[in-house]
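Data first, discussion second: the structure below is written as structure tokens.
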Amino acid sequence: MPNRNLVIAIDGPAASGKSTTARLVAERLGYTYIDTGAMYRAVTLAVLRNGIDPADDSAVSALARNLQISFLRDPDSGELHTLLNGEDVWQQIRTPEVTRNVSAVSSYSGVRTPVVALQQQMGEQGGVVMDGRDIGTVVFPNADLKIFMVADLGARAARRHVELQHQGAEIGLDNLAIELSERDRHDSTRHHSPLRKADDAIEIDTSGLTIQQQVERVIELVQQRGAEQNAASVPE
Ligand code: DC
């Protein structure tokens, strides 16, 4: 295991397996898992609750400046729950309505600037696995390990379908595929911090992998990186 607290960045498109993998990798390493998408979802929830048009950059940005986003560690799972002005919104940020609007809300620099600052503060001591879209490119461009997770659209839609079924929601596979590719297109073509593989990120295609295999692959890379860093720090 690495002997110091690394920053591990996992980026990639929606439903590529990032968050499940990141959570399990963090658990194995005794690190903190930080779901950065949850922060943009919390802002989106506030936008919708306040009746603000998600397409209105200045109204959304003004609201974002006055929001308080914080975290609470769940005593049972050890995971961080996102709090919006002190309220645990763990479940409310996963609704289809939030999912439909989060790409627009997260595209504004007025939203990204305070959220990115918070993420940098949370990761500055290391010992974190952070998943998102711009972690390796913008939030932690010097992260110790950068992973870019991809999977083909069919595999991603099928995974999201199973997840939603567990939550009791029935959305057709075709609609899910359309929704995912639309969100990816929006996230990759936006002006500020678009979804992009960092030049030094290692790509993992999870289309044919089980969750266990994804986790093992990342753990191997973490061990390799830790060993490289140890070797580099041994005095001659
Ligand atoms: O990971 P997720 O599906 O919960 O993310 C929701 C949205 O938030 C995603 O469509 C784009 C945005 N996001 C972002 O812009 N940057 C991040 N680091 C994480 C998420």
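Leu6 and Leu145 fall within a single hydrophobic cluster, where Ile, Leu, Val, Met, Phe, Trp and Tyr are joined by side-chain heavy atoms under 4.5 Å apart, directly or via other members.
Under the 4.5 Å side-chain criterion, counting only non-hydrogen atoms from C-beta, Val150 is not in contact with Ser16. Looking at heavy atoms from C-beta onward, Tyr31 lies out of side-chain contact with Val128 at the 4.5 angstrom threshold. For the pair Val218/Thr21, a side-chain contact is recorded, criterion being any heavy-atom separation below 4.5 Å from C-beta on. Counting heavy atoms from C-beta on, the side chains of Leu221 and Ile204 come closer than 4.5 Å. Put simply, the side chain of Pro13 reaches to within 4.5 Å of the side chain of Leu195, judged on heavy atoms. Considering only heavy atoms from C-beta on, Gln119 comes within 4.5 Å of Ile135 through its side chain. By the 4.5 Å heavy-atom criterion applied to side chains, Gln92 and Val98 are not counted as neighbours.
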Name each donor-acceptor pair under 3.5 Å that joins a side chain in residues 39-50 to protein atoms two or more places apart or in another chain, with its distance.
unit_1: Tyr40; atom_1: OH; unit_2: Arg112; atom_2: NH2; d: 3.3
unit_1: Arg41; atom_1: NH1; unit_2: Ile93; atom_2: O; d: 3.1
unit_1: Arg41; atom_1: NH1; unit_2: Thr99; atom_2: OG1; d: 3.0
unit_1: Thr44; atom_1: OG1; unit_2: Tyr40; atom_2: O; d: 2.7
unit_1: Arg49; atom_1: NH1; unit_2: Glu87; atom_2: OE1; d: 2.9
unit_1: Arg49; atom_1: NH2; unit_2: Glu87; atom_2: OE2; d: 3.1
unit_1: Asn50; atom_1: ND2; unit_2: Ala46; atom_2: O; d: 2.7

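By the side-chain hydrogen bond (donor to acceptor under 3.5 Å, both in side chains) test, Asp74 pairs with Ser77, sequence neighbours left out. In terms of the salt bridge (Lys or Arg N to Asp or Glu O under 4.0 Å) criterion, residue partners of Glu220 (sequence neighbours excluded) are, by chain and number, Arg217. By the side-chain hydrogen bond (donor to acceptor under 3.5 Å, both in side chains) test, Thr82 pairs with no residue at all, sequence neighbours left out. Partners of Asp35 by side chain to side chain contact (heavy atoms under 4.5 Å, CB included), not counting sequence neighbours, listed by chain and number: Tyr33, Ala38, Arg94, Asp131.
Defined by atom type and a distance below 3.5 Å, a donor-acceptor pair is missing between the side-chain atoms of Arg100 and Thr95. No donor-acceptor contact under 3.5 angstrom links the side chains of Asn5 and Gln125, judged on distance only.
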Requested in this report: Evaluate the salt bridge (Lys or Arg N to Asp or Glu O under 4.0 Å) criterion for residues Arg156 and Asp184: first the C-alpha distance (whole Å), next the side-chain angles of each, then the deciding distance (0.1 Å), finally the verdict.
Outcome: CA-CA 12 Å; Arg156 295 192 287 125; Asp184 291 343; 2.8 Å; yes

- Task: Take Glu79 and Arg73 through the test salt bridge (Lys or Arg N to Asp or Glu O under 4.0 Å) and record every step on the way to the result.
- Result: CA-CA 5 Å; Glu79 270 186 56; Arg73 197 173 290 279; over 6 Å; no

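Shortest non-hydrogen contact noted between Ser103 and Asp187 is OG-OD1, 2.6 Å.
Of the candidates His191, Arg190, His192, Arg190 is the only one forming a side chain to side chain contact (heavy atoms under 4.5 Å, CB included) with Ser107. Between Met122 and the options Thr36, Thr32, Leu80, Val139, a side chain to side chain contact (heavy atoms under 4.5 Å, CB included) holds for only Leu80.
With rounding to the nearest 0.5 Å, the separation of CD1 in Ile8 from CD1 in Ile34 is 11.5 Å.
A donor-acceptor pair is defined here as one N or O able to donate and one able to accept, closer than 3.5 Å; no such pair exists between the side chain of Thr206 and the backbone of Leu209.
Among residue pairs with one or both ends in residues 172-183, those qualifying as side-chain hydrogen bond (donor to acceptor under 3.5 Å, both in side chains) are Glu182-Arg185; sequence neighbours excluded.
Heavy atoms of other residues, nucleotides or ligands lying less than 6.0 angstrom from CD1 of Ile171 number more than 12.
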